[in-house]
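One structure below.
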Amino acid sequence: MAAATATVTATTAPTQEKIPNWRVSGDWFDVCKCNIPCHREFAQTPTYEECGGIFAYNIKKGSYGQTVLDGLNILALGRFKDNIWSGDGNNESKLSSLFDEKANAQQREALNMIFSGKAGSLWLNLQSS
């Protein structure tokens with residue numbers, strides 16, 4: 001179980017010119033079935049070869065280009081196998097996200113881009129600061 005304040009920023013790469021710069025800052029909480037401390041946060045293999053967890057994020061201040069994300073919440077259910085940080089291509093991860101009902105269509109699309117990793121960072125890169 002972890003609770004922390006996180007700030008994440010991604011700068012648009014030249015090959016991703018259609019993706020605007022974005023930044024989210026706020027609080028997050030996660031709980032999974034692994035032993036504590038969470039292996040994901042320390043770039044290690046999950047306790048039982050695969051990990052399943054619930055991740056909750058509260059964006060206190062955020063933007064995706066001109067789209068304001070302040071005050072929105074995200075709840076995600078995730079599962080991954082092996083060490084997701086290894087980069088060897090052998091890991092498998094799945095994520096289902098639920099976005100705040102206060103979010104309009106543009107905000108939902110922005111949240112989807114960020115939390116799916118399509119905006120230049122993986123959702124699991126959220127680290128405490």
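Both backbone and side-chain heavy atoms feed into the values below; hydrogens, waters and symmetry mates do not.
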### Message
For the CD1 atom on I54, are there more than 12 heavy atoms of other groups (residues, nucleotides or ligands in this structure) within a distance under 6.0 Å?
### Response
no
### Query
What are the two closest heavy atoms between K102 and Q107, and how far apart are they?
O-OE1, 4.0 Å
### Query
What pair of heavy atoms forms the shortest contact from G71 to N58, and how long is it?
O-ND2, 4.4 Å
## Note on the structure
Heavy atoms of S97 and A76 approach each other most closely as OG-CB, 4.1 Å
### Task
Taking all heavy atoms of T67 and all of A110, pick out the closest pair and write down the distance.
CG2-CB, 4.3 Å
## Note on the structure
d(E109 CD, I114 CD1) to nearest 0.5 Å is 10.5 Å
### Task
Any chance you could lay out the side-chain contact (heavy atoms from CB on, under 4.5 Å) test for L111 and D100, step after step, and finish with the verdict?
CA-CA 10 Å; L111 293 171; D100 199 321; 5.6 Å; no
### Message
Within this structure, what is the CZ-CG distance for the pair F115 and L98, rounded to the nearest 0.5 Å?
### Response
12.0 Å
### Task
Measure the CG-CZ distance between N104 and F99 for me, rounded to the nearest 0.5 Å.
13.0 Å
### Task
For L72 and Y57, run side-chain contact (heavy atoms from CB on, under 4.5 Å): C-alpha distance rounded to whole Å, both residues' side-chain angles, the deciding distance at 0.1 Å, then the answer.
CA-CA 8 Å; L72 296 177; Y57 301 91; over 6 Å; no
### Query
For the residue pair L69 and V24, what are the closest heavy atoms and their distance?
CD1-CG1, 4.1 Å
### Task
Look up atom CG in D70 and atom CD1 in I59, then write down how far apart they are to the nearest 0.5 Å.
8.5 Å
### Task
Considering non-hydrogen atoms only, spot the tightest contact between I19 and Y64 and give its length.
CG2-OH, 3.8 Å
